[in-house]
Amino acid sequence: QVRLVESGGGLVQAGGSLRLSCAASRRPFSSYAMGWFRQTPGKEREVVAAISWSGSDTYYADSMKGRFTISRDNVKNTVFLQMNSLKPEDTAVYYCAARLGRLGLTSNDYNYWGQGTQVSVSS
């Protein structure tokens with residue numbers, strides 16, 4: 001079992017940047033594909049980005065391409081989401097997720113979840 005702890009959320013002005021981190025409590029971490037998802041009230045949880053166990057395969061939702069970057073450090077058992085050029089539409093609770101296997105693009109593909117961290121972007 002893997003416990004995921006997220007950090008780095010907060011309040012930022014439009015156009016600003018945030019760096020989210022997700023630390024895994026168990027090792028080895030490299031066996032897990034990782035994903036970032038977000039959710040706003042009344043909407044389904046949607047994928048933001050995902051990364052394979054090796055870090056060589058990544059995916060980004062269309063609205064995040066060119067602005068967000070997902071990466072991982074398997075030595076430190078941590079996955080990151082660098083968010084640049086933030087927009088008010090990016091306001092949501094962001095969740096870190098893990099699965100033992102290949103990269104997945106839907107929330108049902110993942111069975112380990114962090115507690116979520118609030119990202120608020122003011123206009």
Side-chain angles (χ1 to χ4, degrees):
Q1 296 182 348
V2 177
R3 187 171 71 90
L4 305 175
V5 180
E6 300 156 330
S7 62
L11 176 64
V12 66
Q13 297 274 24
S17 299
L18 285 173
R19 182 175 181 258
L20 305 184
S21 299
C22 176
S25 62
R26 304 291 180 88
R27 299 178 182 177
F29 187 60
S30 60
S31 299
Y32 295 86
M34 303 294 298
W36 285 98
F37 294 78
R38 69 185 185 185
Q39 187 170 26
T40 56
K43 299 181 64 177
E44 294 184 349
R45 191 169 299 182
E46 63 175 346
V47 63
V48 174
I51 188 168
S52 64
W53 67 269
S54 67
S56 62
D57 187 20
T58 59
Y59 168 84
Y60 299 94
D62 287 342
S63 62
M64 272 67 77
K65 290 180 180 178
R67 299 190 299 124
F68 292 4
T69 302
I70 188 171
S71 61
R72 66 189 298 162
D73 187 334
N74 289 337
V75 175
K76 298 180 179 179
N77 302 292
T78 304
V79 64
F80 306 95
L81 184 68
Q82 179 66 46
M83 304 185 294
N84 299 325
S85 301
L86 284 164
K87 306 174 182 179
E89 308 94 271
D90 297 319
T91 296
V93 177
Y94 284 71
Y95 297 90
C96 175
R99 67 173 298 182
L100 184 60
R102 65 181 184 272
L103 181 150
L105 302 181
T106 68
S107 60
N108 290 334
D109 293 326
Y110 297 84
N111 52 2
Y112 299 103
W113 292 88
Q115 80 287 352
T117 183
Q118 177 70 48
V119 173
S120 299
V121 185
S122 62
S123 59

**Item:** Side-chain heavy atoms of Arg67 within contact of Asp90, under 4.5 Å
**Value:** yes

**Request:** Establish whether Leu86 and Val47 are linked, either directly or via other cluster members, by ILVMFWY side-chain heavy-atom contacts under 4.5 Å.
**Result:** no

**Fill in**
Closest non-hydrogen contact found for Arg38 with Ser63 is NH2-OG, 3.8 Å

**Request:** For Leu105 and Asp109, work out which heavy atoms get closest and say how close.
**Result:** N-OD2, 3.2 Å

**Prompt:** Which heavy atom in Ser71 sits nearest to a heavy atom in Val79, and how many Å separate them?
**Reply:** O-CG2, 3.1 Å

**Asked** Roughly how far, to the nearest 0.5 Å, is the OG atom of Ser25 from the OH atom of Tyr112?
**Response** 10.0 Å

**Request:** Linking directly or through intermediates, with side-chain heavy atoms under 4.5 Å: list the remaining ILVMFWY members grouped with Val5, chain and number order.
**Result:** none

**Request:** Can you see which heavy atom on Ser123 is nearest to which on Pro88, and at what distance?
**Result:** CB-CG, 3.8 Å

**Fill in**
Applied to residues 53-66, the salt bridge (charged side-chain N to carboxylate O under 4.0 Å, His left out) test, sequence neighbours excluded, yields Asp62-Lys65

**Asked** Is a donor on one side and an acceptor on the other found under 3.5 Å between the side chain of Arg99 and the backbone of Asn108?
**Response** no

**Prompt:** Checking Thr78 side chain against Lys76 main chain: does a donor-acceptor pair fall under 3.5 Å?
**Reply:** yes

**Asked** Mind checking whether Val121 and Val48 sit in one hydrophobic cluster, side chains of I, L, V, M, F, W, Y counted as touching below 4.5 Å?
**Response** yes

**Request:** Could you check if a side-chain atom of Ser31 sits within less than 4.5 angstrom of a side-chain atom of Leu100, using non-hydrogen atoms only?
**Result:** yes

**Complete:** The complete set of ring-ring contact (aromatic ring centres under 6.0 Å, His included) pairs with one or both residues in residues 35-87, sequence neighbours excluded, reads Phe37-Tyr110, Phe37-Trp113

**Request:** Give the minimum heavy-atom separation between Met83 and Val119, together with the two atoms involved.
**Result:** CE-CG2, 3.9 Å

**Request:** Spell out, as yes or no, whether a donor-acceptor pair under 3.5 Å connects the side chain of Gln115 to the backbone of Glu6.
**Result:** yes

**Asked** Where do Ala92 and Gln39 come nearest, in terms of heavy atoms and distance?
**Response** CB-O, 3.5 Å

**Message:** Is the shortest side-chain heavy-atom distance between Leu4 and Met34 below 4.5 Å?
**Reply:** yes

**Asked** Side chains of Thr91 and Thr40: does their closest heavy-atom pair fall under 4.5 Å?
**Response** no

